[in-house]
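All of these numbers come straight from a predicted model, not from anything done at the bench. To find a chain, count down the sequence lines: A is the first, B the second, and so on, and within it residues start at 1.
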Protein chains: 2
Amino acid sequence: MDGQGGEKLLFLTDEQLRQGIEAMFFAYRGFTSDPDRILDQHGYGRAHHRALHFINRSPGTTVTNLLAILGVTKQSLNRVLRTLIADGLVEGRVGAQDRRERHLHLTAAGVALESQLSDAQQARMRQAYRQAGPEAVAGFRRVLEAMMEPEIRRQYARLAE
Amino acid sequence: MDGQGGEKLLFLTDEQLRQGIEAMFFAYRGFTSDPDRILDQHGYGRAHHRALHFINRSPGTTVTNLLAILGVTKQSLNRVLRTLIADGLVEGRVGAQDRRERHLHLTAAGVALESQLSDAQQARMRQAYRQAGPEAVAGFRRVLEAMMEPEIRRQYARLAE
DNA sequence: CTTGGAAAGTCAACAAGGCTGACATAAACT
DNA sequence: AGTTTATGTCAGCCTTGTTGACTTTCCAAG
């Protein structure tokens, strides 16, 4: 089912794969460049952006949840979270049922910065989507999903619910 | 040409863009995970991989060329290049016409490691391409290209020649 | 033939953001 | 009462990015 089942798949030459790899590399740079500039002005880095993004996405999420999504150690995340809380962008509320948990929320200031970052990144994404067309977008999403680790893909799908 | 030319483009909701952003983030993690594991065993990092990749791609390229492609400072690149040369994976040949330039080449050992990294990354890419199908791949590429900085897109196109 | 400037390399210092390991505390569970 | 879980924190290390200053080499133009 592979030898000739891949009628159109014969085009998967070494060179094509290599170009796909390079496209990912260069595109990811573009993808992060706008938020990076904004973060820089505020003295933050990409790690802060990621935390803000996912707290905004799932308000009330716990630290453990966030660790699983971000795939970093708690020490690494804590360093970032500590500064965001100290700067009044994030709030950690003690859990109602389980009081060990901290439920993370953005403050008004946190929402403001997240929006600014999000707007910049979304603007580029929108431009790319428009330029490529709706069918390209569907393909883009399918390939990206197929590229994720299965475990991560599940979390990704859960977020999109 | 934009106001209503986007018949199908009305679907660009905030939520869709957000999912695209998350897909990029998670997919990039998958994209780098296999090479990362191999690099770790050799005591190298992603920066070494990038250097090996582009030297392999454009044998005889100069340090300045590489700097432009990688978008880092020469000090940063030099540190990586120095270890690769010391470890006998890369060779820097003095330029024939302009003897200030170093023309970079992989040694046999360099080619071996690059292949190992490349094979791992290509395997994932191939699997994702097959799973998503040829039309999705075309769309994937179009969106990625539209996401790059224009300057970078030109370099990307030049590489693909 | 001198001099300006480009290409390359090096040293030092610093920061972000990963990591490990060890340990503390509070709360929940058994 | 004892164990497990969630979180936080200290200390230290690594990679990989940065800036700034400086040197060496060497081409090319005056």
Examine the side chains of [X] and [Y] and answer whether a donor and an acceptor come within less than 3.5 Å of each other.
| X | Y | result |
| --- | --- | --- |
| A/Glu114 | A/His49 | no |
| A/Arg18 | A/Thr13 | no |
| A/Gln131 | B/Arg142 | no |

Quick check on [N]: is either OP1 or OP2 less than 4.0 Å from any side-chain nitrogen or oxygen of [X]?
| X | N | value |
| --- | --- | --- |
| B/Thr73 | D/dT18 | yes |
| A/His48 | C/dA16 | no |
| A/Arg29 | D/dG17 | no |

Any base atoms under 4.0 Å from [X], or only sugar-phosphate, or nothing? Heavy atoms, all strands.
| X | answer |
| --- | --- |
| A/His103 | nothing |
| B/Arg79 | base |
| A/Arg46 | sugar-phosphate |

Checklist entry - What's the spacing between A/Leu52 CG and A/Gln116 CD if we round to 0.5 Å? => result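 A/Leu52 CG to A/Gln116 CD: 11.0 Å, rounded to 0.5 Å.
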In whole Å, what is the span from the [atom1] atom of [X] to the [atom2] atom of [N]?
| X | N | atom1 | atom2 | answer |
| --- | --- | --- | --- | --- |
| B/Leu77 | D/dG17 | CG | P | 9 Å |
| A/Arg82 | D/dG8 | CZ | P | 10 Å |
| B/Asp36 | D/dT16 | CG | P | 10 Å |
| B/Asp40 | D/dT16 | CG | P | 10 Å |
| A/Arg99 | C/dA28 | CZ | C1' | 11 Å |
| B/Asn65 | C/dA6 | CG | C1' | 14 Å |
| B/Arg102 | D/dT25 | CZ | C1' | 8 Å |
| A/Asn78 | C/dC19 | CG | C1' | 15 Å |

Item to check | Position toward the 5' end of DNA chain C (nearest nucleotide), B/Val63 or A/Asp98 | outcome: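 That would be B/Val63.
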Next on the checklist: Need to verify one output field. Residue with the more 5' nearest nucleotide on DNA chain C, A/Gln97 or A/Gln75?
Outcome noted: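 Upstream on the strand: A/Gln75.
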Next on the checklist: Checking contacts here: which listed nucleotide (D/dC10, C/dA26, D/dT25) is nearest the side-chain heavy atoms of A/Arg100?
Outcome noted: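 Comparing D/dC10, C/dA26, D/dT25 against the side chain of A/Arg100, the answer is C/dA26.
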Next on the checklist: For A/Tyr28, run the ring-ring contact (aromatic ring centres under 6.0 Å, His included) check against A/Phe31, A/Phe26, A/Phe25 and tell me which one passes.
Outcome noted: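 Result for ring-ring contact (aromatic ring centres under 6.0 Å, His included) with A/Tyr28: A/Phe31.
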